[in-house]
Amino acid sequence: MVSGRSPLGYYRAFASFGHGSGQAGFQAMVTLSVKQALSGHTPEGTPVEVRGWVRTRRDSKAGLSFVNLSDGSCFDTLQVVAPASLPNYASEVQKLSAGCAIVARGRLVPSQGKGQAFELQADSIEVPGWVEDPETYPIQPKPHSPEFLREVAHLRPRTNLFGAISRVRHTMMMAIHRHLTGEGFFWVNTPIITTSDAEGAGDMFRVSTLDLANLPRDDRGAIDFRKDFFGREAFLTVSGQLNVEAYCLALSKVYTFGPTFRAENSNTPRHLAEFWMIEPEIAFADLNDDADCAEKFLKAIFSTVLEERADDMAFFAERVQKDAVTRLEKFIASPFERIEYTEAVDILKRAKQKFEFPVEWGMDLQTEHERWLAEQHVGRPVVVMNYPEKIKAFYMRLNDDGKTVAAMDVLAPGIGEIIGGSQREERLDCLDRRMAEFGLDPAHYQWYRDLRRYGTVPHAGFGLGFERLLVYVCGLSNIRDAIPYPRTPGHAEF
RNA sequence: GCCCGAGUAGCUCAGCCGGUUAGAGCAUCUGACUGUUAAUCAGAGGGUCCCCCGUUCGAGUCGGGGCUCGGGCGCCA
């Protein structure tokens with residue numbers, strides 16, 4: 001909504017972009033988005049122009065047609081009323097079908113029909129873009145399966161579902177930047193091309209300019225990457241965390257937010273080869289500070305989406321998942337529970353619930369365990385803290401018990417793990433010991449070790465897959481619908 | 001990568017134990033009707049039943065192989 005702006009001010013803001021302005025006694029044409037047209041901020045009778053794509057057309061023998069127009073600016077469509085007196089009424093208006101691009105000019109008036117407050121009484125309708133074969137245009141005014149729409153990823157944003165997802169996606173991205181900025185964070189753009197296997201986080205995509213048909217070889221017959229573009233092996237990033245730690249130990253509160261790549265052969269509704277990840281990192285902070293940060297973060301993002309995209313969220317609740325709105329509201333209102341990993345294992349072992357996988361101290365929790373904890377046992381989001389050191393990454397801080405590291409997972413009802421984080425090992429000797437245990441060559445991590453040699457401090461952070469969060473917010477069942485052009489094993493169309 | 005399921009009109013699907021010309025809703029086109037709301041009513045057009053091989057007098061239907069899609073698991077965010 002365009003709150004805090006007078007109708008007059010709104011009008012002025014757009015009048016300068018209109019046609020024929022500056023003539024005395026002539027009211028300038030105002031180009032409005034559908035959202036603006038429906039907002040009620042434009043004085044009745046103002047000459048306006050709206051542009052978009054036809055969703056449906058209904059003809060009336062009373063001498064007019066109703067054209068529902070969408071331009072993506074909001075969930076709702078604008079009803080354009082086209083009188084039979086238009087010169088192109090029979091030749092064009094009555095031939096409009098779903099997907100046609102039109103420019104409609106006329107006056108905004110209160111609607112005589114039910115279902116909308118305002119409508120456009122058209123003086124003219126231009127059709128810059130026809131649909132060449134209406135019968136085979138894939139997007140019809142009816143529900144389509146997400147599976148089918150994945151085959152037409154270039155046209156699916158024209159549906160209610162993907163329009164809503166796209167707007168919520170944008171709103172969430174902006175909400176993340178706004179929230180973290182408000183908390184004093186700086187956005188650090190860590191590299192997309194990397195030469196270190198950041199944390200063994202997964203298989204990596206190789207970046208190379210070598211001629212695959214004619215690879216340079218060294219003395220021993222191995223591929224000579226010294227001849228490659230960067231003079232050594234290079235890959236697409238699997239995480240910006242290690243790089244952002246350096247900026248954390250200078251700017252105190254930082255985050256990465258960018259594309260991330262995993263070359264794993266994962267064929268599930270929860271995995272993408274290319275996705276966006278958010279990784280906040282805070283200095284002078286321990287695991288509890290990290291959990292506080294994560295809780296505040298999630299609640300702020302969800303609040304913003306509910307506030308700014310109420311129209312789209314109402315659609316998800318109506319058509320995708322009944323409790324799409326209420327569970328976010330419940331999430332926001334619930335203080336997170338915090339339990340120790342060791343305690344969680346005890347609870348799971350005592351649970352009457354039968355699990356497919358056994359629970360044993362030292363094993364990572366399965367999705368079924370995580371969901372049972374959050375949904376059945378606690379009934380709200382829960383942070384599980386301090387996991388066995390053997391199942392967690394090398395950079396996580398060893399606890400005093402010598403058996404666990406300061407790692408945390410945020411588990412939410414409905415999905416399981418939504419955030420993973422940890423306090424980082426800031427002690428050089430401990431870090432070196434853990435790297436040795438993981439078989440990592442310290443020579444490849446000199447700059448990372450330097451951070452522990454020069455002004456090291458306790459610090460912590462977490463990682464969050466953006467599309468998984470979007471799946472949760474929208475109530476989707478497949479992550480391939482949470483990103484415009486999904487990349488998965490065997491798929492990089494479009 | 002492993003396991004399971006599904007491919008029939010533009011879309012969503014029905015099609016029994018193998019048997020005549022493969023159906024419905026929506027969409028499209030034509031007409032009727034109407035300030036209409038995924039309008040309604042009537043009619044019409046629209047099919048390589050995913051592909052190949054096999055069994056059979058006869059295959060959308062049964063068997064084998066392949067392809068594609070979906071789900072579960074693993075890896076993980």
Side-chain angles (χ1 to χ4, degrees), chain A residues 55-68 76-84 94-95 97-99 109-116 119 121 131-152 155 159-160 199-203 237-241 256-257 259-279 319 356-357 364-368 370 391-393 409-410 415-421 462-472 477-483 488-491 493:
Chain A
R55 281 290 180 78
T56 60
R57 188 199 85 235
R58 295 176 295 280
D59 297 329
S60 167
K61 275 297 184 302
L64 63 164
S65 291
F66 302 96
V67 179
N68 277 93
D76 289 322
T77 54
L78 178 68
Q79 174 158 287
V80 176
V81 182
Q94 286 193 301
K95 292 191 168 66
S97 61
V109 297
S111 180
Q112 294 175 37
K114 293 168 185 170
Q116 60 280 318
E119 62 190 18
Q121 189 68 41
V131 167
E132 66 174 28
D133 182 5
E135 183 165 7
T136 56
Y137 179 62
I139 310 302
Q140 299 166 2
K142 55 164 284 186
H144 290 289
S145 67
E147 293 81 10
F148 167 70
L149 290 171
R150 267 169 232 151
E151 297 170 14
V152 286
L155 297 174
T159 62
N160 280 335
E199 48 175 302
D203 298 327
T237 182
V238 293
S239 166
Q241 182 204 312
T256 71
F257 189 0
T260 309
F261 307 88
R262 303 275 168 96
E264 277 135 14
N265 189 15
S266 300
N267 295 289
T268 84
R270 297 177 306 283
H271 289 84
L272 292 167
E274 176 184 292
F275 61 99
W276 288 63
M277 189 158 65
I278 306 124
E279 296 169 290
R319 293 293 180 92
E356 189 185 343
F357 292 90
D364 213 350
L365 300 181
Q366 299 288 326
T367 300
E368 57 171 341
E370 295 176 337
I391 59 171
K392 290 293 182 181
D409 282 345
V410 179
I415 36 171
E417 182 185 335
I418 191 168
I419 278 182
F462 60 85
L464 170 62
F466 179 79
E467 284 78 14
R468 286 191 177 174
L469 195 64
L470 187 59
V471 160
Y472 181 64
S477 52
N478 195 312
I479 201 167
R480 294 166 194 175
D481 300 326
I483 191 166
T488 56
H491 292 285
E493 300 91 351

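Fair warning: this is a prediction, and the values are worked out from it, not measured in the lab.
- Under the ring-ring contact (aromatic ring centres under 6.0 Å, His included) criterion, A:F357 pairs with no residue at all, not counting sequence neighbours.
- Using modelled atom types and a 3.5 Å distance limit, the side chains of A:S239 and A:E279 yield a donor-acceptor pair.
- Toward the 5′ end of RNA chain B lies the nearest nucleotide of A:G113, the other residue of the pair A:G113 and A:E274 mapping further downstream.
- For A:N267 and B:G70, the shortest distance from a side-chain N or O to OP1 or OP2 is not below 4.0 Å.
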Just the table, please: protein N/O against nucleotides 27-33 of chain B N/O, every pair under 3.5 Å.
{"residue": "B:C33", "atom": "N4", "partner": "A:K61", "partner atom": "NZ", "Å": "3.3"}

Identify each atom pair where a protein N or O and an N or O of nucleotides 5-9 of chain B are less than 3.5 Å apart, giving names and distance.
none

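- In this structure, the CD atom of A:Q366 is 10 Å from the P atom of B:C76, given to the nearest Å.
- No side-chain N or O of A:T488 forms a donor-acceptor pair with one of A:H491 less than 3.5 Å apart.
- Side chain of A:R262 to backbone of A:V238: a donor-acceptor contact under 3.5 angstrom is found.
- Listed nucleotides: B:C76, B:G35, B:G1. Nearest to the side chain of A:N265: B:G1.
- Positionally, the nearest nucleotide of RNA chain B for A:T56 lies more toward the 5' end than for the other of A:E467 and A:T56.
- Under the 30°/60° scheme for interplanar angles, the aromatic rings of A:F257 and A:F466 are found to be tilted.
- Among residues two or more places apart in sequence or in another chain, the ring-ring contact (aromatic ring centres under 6.0 Å, His included) test is passed with A:F275 by none.
- Distance check on atom P: B:C67 versus B:U30 gives 44 Å, rounded to whole Å.
- Applying the salt bridge (charged side-chain N to carboxylate O under 4.0 Å, His left out) rule to A:D76 yields no partners; only residues at least two apart in sequence or on another chain are considered.
- Taking a pair to require two hydrogen-bonding distances under 3.5 Å in either a Watson-Crick or a G-U wobble arrangement, B:G1 pairs with B:C73.
- By the 4.0 Å N-to-carboxylate-O rule, A:K61 lies too far from A:D59 to be salt-bridged with it.
- Closest contact between the side chain of A:A62 and the listed nucleotides B:G71, B:C11, B:G35 involves B:G35.
- For A:H491, counting side-chain heavy atoms from C-beta on, the closest listed nucleotide (B:C11, B:C69, B:C73) is B:C69.
- The partner of B:G43, taking Watson-Crick or G-U wobble pairs whose two distances both stay under 3.5 Å, is B:C29.
- The list of salt bridge (charged side-chain N to carboxylate O under 4.0 Å, His left out) pairs with a residue in residues 137-151 of chain A, not counting sequence neighbours, reads A:R150-A:D481.
- One interatomic measurement links the two molecules: CD of A:E147 to C1' of B:U68, which rounds to 13 Å at whole-angstrom precision.
- At whole-Å resolution of the value, CZ in A:F66 and P in B:A38 are 13 Å apart.
- In a base pair of the Watson-Crick type (N1 to N3 plus N6-O4 or O6-N4) or a G-U wobble (N1-O2 and O6-N3), with each distance short of 3.5 Å, B:C62 is matched with B:G54.
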